[in-house]
Amino acid sequence: AWTSDGRTFHDVLATGPLLERASAAAGRALELSELSEVADSNVAVCDVVDDAAVGIGELVGLATLAFGPERILITGDGI
C-alpha cells in the first residue's frame, strides 16, 4: 500500500527511514528516544514527524475501509 503521495507506508513510518529523514532534517544523527524532544525545537524535524502522523492517519483510514473495525490499536517501536 502507498500513501496519497505515492510513497510506501514503510518509507514513511518504519523506524529506520523515519530516523534517516529526521536526522537529515536535524543535520545530525538522531536516536528514536530524542525524536520528540528535537521535533519540539526544530521545525524541519517537526515536519518529518508530522508527515509520519499523516501517514499513520492514511493507513488507519485504509484499514477502516478494508476491514471496518470498531477500534484500531496502533503499536510499534517507541509507542
Side-chain angles (χ1 to χ4, degrees):
W2 296 269
T3 63
S4 60
D5 63 6
R7 296 175 292 165
T8 67
F9 284 106
H10 176 271
D11 290 344
V12 176
L13 301 174
T15 302
L18 178 64
L19 284 177
E20 286 176 18
R21 291 190 346 265
S23 294
R28 67 177 181 88
L30 294 176
E31 298 292 329
L32 188 60
S33 61
E34 65 181 325
L35 186 58
S36 179
E37 182 179 333
V38 174
D40 285 342
S41 61
N42 184 312
V43 174
V45 175
C46 184
D47 288 345
V48 172
V49 174
D50 286 349
D51 183 53
V54 169
I56 289 173
E58 289 183 13
L59 187 59
V60 168
L62 287 174
T64 300
L65 286 173
F67 306 111
E70 292 183 24
R71 292 185 212 158
I72 295 177
L73 174 65
I74 299 173
T75 187
D77 294 341
I79 294 177

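The figures here come from the full heavy-atom set of this structure, side chains too, leaving out hydrogens, waters and symmetry mates. Computed from a predicted structure; not experimentally measured.
- When each of V49, V48, D50 is paired with C46, the side chain to side chain contact (heavy atoms under 4.5 Å, CB included) condition holds for D50 and for no other.
- Remark: E34 CD is packed, more than 12 non-hydrogen atoms of other residues, nucleotides or ligands lying under 6.0 Å away.
- The two atoms that bring P69 and A63 nearest to each other are CD-O, 3.8 Å, heavy atoms only.
- Using a 4.5 Å cut-off between side-chain heavy atoms of Ile, Leu, Val, Met, Phe, Trp and Tyr, with links allowed through other members, L13 and L62 fall into the same hydrophobic cluster.
- Formation of a donor-acceptor pair under 3.5 Å by the S23 side chain with backbone atoms of L30 is found in this model.
- To the nearest 0.5 angstrom, D47 atom CG is 9.0 Å from N42 atom CG.
- Separating the CZ atom in R7 from the CG atom in D51 is a distance of 4.0 Å, to the nearest 0.5 Å.
- Of all heavy-atom pairs between V45 and A22, the closest is CG2-O, 3.6 Å.
- The line from CG of D5 to CG of D11 is 10.0 Å long, rounded to the nearest 0.5 Å.
- Using a 4.5 Å heavy-atom cutoff, the side chains of V12 and E58 are not in contact.
- By the rule that hydrophobic residues join a cluster once side-chain heavy atoms approach within less than 4.5 Å of another member, W2 and L65 end up as members of separate clusters.
- Cluster annotation: V54 and I56 are assigned to distinct hydrophobic clusters (Ile/Leu/Val/Met/Phe/Trp/Tyr, side-chain heavy-atom contacts under 4.5 Å, transitive).
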